[in-house]
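Here the structure comes first, spelled out in structure tokens, and everything after it is commentary.
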2 protein chains.
Amino acid sequence: MVDSLTASKIITVAEEMLQIQGYNAFSYRDLSKRIGIKTSSIHYHFPTKADLVQAVMNHYHDVFLEKLDELNKESSAEKKVMAYAQMFVDTFKKGGRICLCASLASDLDGLPEQVREQVGQFVLIHEDWLSEVLQEGINNGEFYKCKNLRQNARNIFHTFEGAMLVARTSSVDRIEDARQWVLILLKP
Amino acid sequence: MVDSLTASKIITVAEEMLQIQGYNAFSYRDLSKRIGIKTSSIHYHFPTKADLVQAVMNHYHDVFLEKLDELNKESSAEKKVMAYAQMFVDTFKKGGRICLCASLASDLDGLPEQVREQVGQFVLIHEDWLSEVLQEGINNGEFYKCKNLRQNARNIFHTFEGAMLVARTSSVDRIEDARQWVLILLKP
DNA sequence: GTCTATACCTCGATAGAC
DNA sequence: GTCTATCGAGGTATAGAC
């Protein structure tokens with residue numbers, strides 16, 4: 001958990017900047033201007049950039065797990081997948097944000113080791129959840145039976161990550177497209 | 001075309017660095033060390049970073065069009081799609097490179113306008129080519145008939161772009177997975 | 001906790017000798 | 001065409017007053 005309102009605000013804005021500009025493009029200076037606080041004050045809360053990104057990732061992680069809990073309340077596997085896909089649509093609508101996971105993956109090379117591991121973990125959470133929902137859908141006849149369930153889950157995840165990235169380059173609604181496409185793939 | 005061996009070498013190395021580190025993470029200094037030439041000499045060939053990235057993009061573009069010509073010589077739509085997919089596999093095998101298009105898209109925010117347009121153009125080339133091949137495959141009975149062909153093409157492209165990005169975070173062979181997956185989707 | 005001030009680095013870019 | 005030298009801006013980070 002975050003221990004102050006200021007720290008919380010920093011995380012919120014840093015998260016946005018990470019998702020839009022990326023790790024190497026955002027700076028303590030930009031951050032300080034957006035928040036209305038000096039860079040030294042940000043260093044007080046998060047001594048290094050690595051500390052800050054880790055905190056952002058932890059927060060993102062926690063919020064995402066809560067969302068998955070919400071999603072799990074949906075009454076069918078189809079509704080779960082559609083609500084999952086809607087998260088990507090909503091994220092992109094907020095100023096062209098992409099998944100933090102994709103944003104950090106594109107700058108993975110220059111990231112502190114600990115953050116790299118966090119990103120890897122985050123990917124697995126997506127895959128695990130999607131695999132479960134796909135299995136559920138197959139079990140109750142909503143979805144086609146498929147040979148390699150986890151491969152399916154991975155590729156659906158990849159489609160959304162790729163769609164968000166590419167969506168920035170054109171006016172086409174690629175994420176909504178992906179959302180509809182996935183359903184066509186899964187349903188008999 | 002490129003007018004000197006040095007300029008050509010710069011483009012080659014810059015391309016690699018862009019694909020692995022991204023636009024904001026690579027610098028003239030890193031580049032100069034790799035090539036064994038001073039930064040001022042690089043500026044002689046490419047006055048600004050925008051000029052350099054444009055040249056890299058143009059080169060990448062040209063090479064890609066040549067590859068598509070090669071691909072078009074394949075004897076079936078299935079072989080074309082598989083050879084297309086193999087390009088992504090090969091790219092990633094070269095030190096974890098991702099598609100230049102995806103790399104630049106992730107830093108699109110800070111890119112010069114002209115480069116942004118180049119990236120958009122590049123996406124369209126992928127889509128157009130894939131759409132054509134899908135149509136060809138449907139026409140000759142290799143592939144399922146599908147409702148929205150271009151949507152299909154887009155999502156296949158997104159899957160590869162996403163797979164490359166995410167592949168960096170784990171040891172799973174996500175791109176080869178995507179390659180196999182696409183065939184399963186298309187073939188009756 | 002936030003500020004001012006500053007240290008030290010790297011960045012892209014330019015001037016001018018060779 | 002490549003070099004040395006340098007500039008100004010912006011980057012992360014720290015010390016110390018308040």
Side-chain angles (χ1 to χ4, degrees), chain A residues 1-57 59 103-104 106-116, chain B residues 1-18 20-57 103-104 106-116:
Chain A
M1 284 305 291
V2 177
D3 53 342
S4 83
L5 275 175
T6 306
S8 173
K9 173 77 177 168
I10 293 168
I11 288 176
T12 302
V13 178
E15 184 182 282
E16 180 191 328
M17 296 179 86
L18 277 170
Q19 288 181 268
I20 295 175
Q21 303 173 268
Y23 180 76
N24 293 306
F26 103 101
S27 70
Y28 271 47
R29 191 169 298 192
D30 298 337
L31 202 45
S32 77
K33 283 176 190 163
R34 281 278 307 272
I35 299 174
I37 193 179
K38 297 295 169 182
T39 59
S40 51
S41 302
I42 303 179
H43 278 289
Y44 169 80
H45 294 281
F46 306 99
T48 72
K49 204 175 178 181
D51 293 323
L52 174 54
V53 177
Q54 249 179 267
V56 170
M57 193 71 216
H59 173 256
S103 172
L104 291 177
S106 75
D107 288 327
L108 206 72
D109 198 72
L111 254 47
E113 179 56 27
Q114 206 158 352
V115 179
R116 273 213 286 271
Chain B
M1 283 307 294
V2 177
D3 53 342
S4 84
L5 274 174
T6 306
S8 172
K9 174 78 177 168
I10 293 169
I11 287 177
T12 301
V13 179
E15 182 182 284
E16 181 191 327
M17 296 179 85
L18 277 170
I20 294 175
Q21 303 173 263
Y23 180 77
N24 294 305
F26 103 101
S27 70
Y28 271 48
R29 189 171 299 195
D30 298 335
L31 202 45
S32 77
K33 283 176 189 162
R34 282 277 307 271
I35 299 174
I37 194 179
K38 298 295 169 180
T39 59
S40 51
S41 302
I42 303 178
H43 278 288
Y44 168 80
H45 294 281
F46 305 99
T48 71
K49 205 175 178 182
D51 292 325
L52 173 54
V53 177
Q54 249 177 269
V56 171
M57 193 70 214
S103 172
L104 291 177
S106 75
D107 288 328
L108 206 71
D109 199 72
L111 254 45
E113 177 57 26
Q114 206 158 353
V115 179
R116 272 212 288 272

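Small disclaimer: the values here were computed from a predicted structure and weren't measured. Order of the sequence lines fixes the chain letters, A, B, ..., with proteins taken first and strands second; residue numbering starts at 1 for each chain.
- Rounding to whole angstrom units, CG of residue A:D51 and C1' of D:dT14 are separated by 14 Å.
- The CZ-P distance, from A:F46 to C:dT2, rounds to 11 Å in whole Å.
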Report the C-alpha separation of B:L52 and B:Y28 in whole Å, then their side-chain angles, then the decisive distance to 0.1 Å, and conclude whether the side chain to side chain contact (heavy atoms under 4.5 Å, CB included) test is met.
CA-CA 10 Å; B:L52 173 54; B:Y28 271 48; 3.9 Å; yes
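- Atom CD1 of A:I10 and atom OH of A:Y44 lie 11.0 Å apart (nearest 0.5 Å).
- At whole-Å resolution of the value, NZ in A:K38 and C1' in D:dT12 are 16 Å apart.
- Within the model, atoms CE of A:M57 and CG of A:L104 stand 6.0 Å from one another, a figure rounded to the nearest 0.5 Å.
- Between the side chain of A:D107 and the backbone N or O of A:Y23 there is at least one donor-acceptor pair closer than 3.5 Å.
- One distance of note links CG of A:L5 with OG1 of A:T12; it measures 10.0 Å at 0.5 Å rounding.
- A donor-acceptor contact under 3.5 Å is formed by the side chain of A:S40 with the base of C:dT4.
- From A:S40, atom OG reaches atom NE2 of A:H45 across 10.0 Å, with rounding to the nearest 0.5 Å.
- For A:H45, the listed nucleotide lying nearest its side chain is C:dG1; candidates were C:dT4, C:dG1, D:dC3.
- Atom CG in A:L31 sits roughly 15 Å away from atom C1' in D:dG10 (whole-Å rounding).
- If you take CD1 of A:I42 and C1' of C:dC3, they are 13 Å apart, rounded to a whole angstrom.
- In this structure, the side chain of A:R29 does not engage the main chain of A:T39 through any donor-acceptor pair within 3.5 Å.
- OP1 or OP2 of D:dG1 has not a single side-chain nitrogen or oxygen of B:S41 nearer than 4.0 Å.
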Contacts under 3.5 Å, N or O only, protein and nucleotides 10-12 of chain C:
unit_1, atom_1, unit_2, atom_2, d
C:dC11, OP1, B:S27, OG, 2.9
C:dC11, OP2, B:R29, NE, 3.2
C:dG12, OP1, B:K49, NZ, 3.1
C:dG12, OP2, B:Y28, N, 2.9

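- Taking atom CG of residue A:N24 and atom C1' of nucleotide D:dG10, one finds them 14 Å apart after rounding to whole Å.
- By the 4.5 Å heavy-atom criterion applied to side chains, A:F46 and A:Q54 are not counted as neighbours.
- Listed by residue number, there are no residues of residues 9-18 of chain A with a heavy-atom contact under 4.0 Å to DNA chain D.
- Between the NZ atom of B:K38 and the NE2 atom of B:H43 there is a distance of 13.5 Å, given to the nearest 0.5 Å.
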